[in-house]
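The structure under discussion appears below in the form of structure tokens.
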Amino acid sequence: MTRQLDLGLDAPPRKARTAALRSAHYRSHVPAEAAILGDIRAQKQEDRVLEWFRSHPGRHTPWAVAEALEIHIVSTRRAITNLTARKLLRHHQAERRDAGPLRAKSSTWEVV
């Protein structure tokens, strides 16, 4: 684009695309540096969630994990989804328990 406008500016350096991120998910554009840092934080959260599941055998709702680890429920759900996709957790859709502040029904997960 700078060539089209003939401004004589150097093109900005290209960064790794956020599509290459392992754990973080973004709906809009974020700078590469912020995306990489977000991915690192998300991976650490996944590690904490997986370790919690391993140290607490049985089936648990995302709300139980979020409360125990004091991680935001959205981040906990993202971590559980990613761990399930990697086949480290097993989702039990049929088993639903009361969970969360409004006691809504929620599926359970357990470590594989």
Side-chain angles (χ1 to χ4, degrees):
M1 180 159 179
T2 56
R3 196 174 323 139
Q4 289 176 345
L5 297 174
D6 196 28
L7 297 175
L9 302 174
D10 292 331
R14 294 185 179 238
K15 301 289 182 181
R17 297 189 53 88
T18 59
L21 300 175
R22 181 179 146 210
S23 298
H25 304 281
Y26 296 99
R27 291 182 177 203
S28 61
H29 175 74
V30 296
E33 294 85 3
I36 291 168
L37 290 174
D39 194 55
I40 291 168
R41 279 192 307 273
Q43 287 177 21
K44 289 179 183 178
Q45 288 173 341
E46 286 176 19
D47 293 342
R48 288 181 61 199
V49 168
L50 183 59
E51 183 59 36
W52 189 88
F53 268 101
R54 287 180 174 158
S55 64
H56 295 83
R59 298 176 181 181
H60 304 282
T61 65
W63 284 99
V65 179
E67 289 173 4
L69 295 176
E70 297 180 351
I71 298 175
H72 193 278
I73 186 62
V74 174
S75 298
T76 304
R77 287 185 184 280
R78 182 221 4 99
I80 289 173
T81 298
N82 289 346
L83 292 168
T84 303
R86 292 187 192 110
K87 302 195 183 314
L88 296 172
L89 294 179
R90 182 177 300 121
H91 184 198
H92 298 279
Q93 292 178 326
E95 182 180 342
R96 301 185 56 83
R97 297 182 185 169
D98 288 347
L102 301 177
R103 311 314 300 164
K105 295 287 185 183
S106 179
S107 298
T108 60
W109 281 259
E110 70 178 329
V111 73
V112 175

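Since the model is a prediction, treat every value here as computed from it, not as a measurement.
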Distance-only check: which donor-acceptor pairs under 3.5 Å involve side-chain atoms of residues 44-52, not counting sequence neighbours?
residue : atom : partner : partner atom : Å
Gln45   : OE1  : Arg78   : NH2          : 2.3
Glu46   : OE1  : Ser23   : OG           : 3.3
Glu46   : OE1  : Arg86   : NH1          : 2.5
Glu46   : OE2  : Ser23   : OG           : 3.0
Glu46   : OE2  : Asn82   : ND2          : 2.7
Arg48   : NH2  : Leu69   : O            : 2.8
Trp52   : NE1  : His56   : ND1          : 3.4

Residues passing the side-chain hydrogen bond (donor to acceptor under 3.5 Å, both in side chains) test with Arg90, sequence neighbours excluded, are none
CA sep, side-chain torsions, deciding dist, call: Val112, Leu88, side-chain contact (heavy atoms from CB on, under 4.5 Å): CA-CA 6 Å; Val112 175; Leu88 296 172; 5.8 Å; no
Nearest heavy-atom approach of Asp98 to Lys105 is OD1-NZ, 3.2 Å
Scanning both residues in full, the closest heavy-atom pair of Ile73 with Ala66 reads CD1-CB, 4.0 Å
On a heavy-atom basis, the closest approach of Phe53 and Trp109 is CE2-O, 3.3 Å
Residues 60-77 vs side chain to side chain donor-acceptor pair (under 3.5 Å), sequence neighbours excluded, gives none
Lys87 meets the side-chain hydrogen bond (donor to acceptor under 3.5 Å, both in side chains) criterion, sequence neighbours left out, with none
Residue set satisfying side-chain hydrogen bond (donor to acceptor under 3.5 Å, both in side chains) with Ser107, at least two apart, ordered chain then number -> His91, Arg96
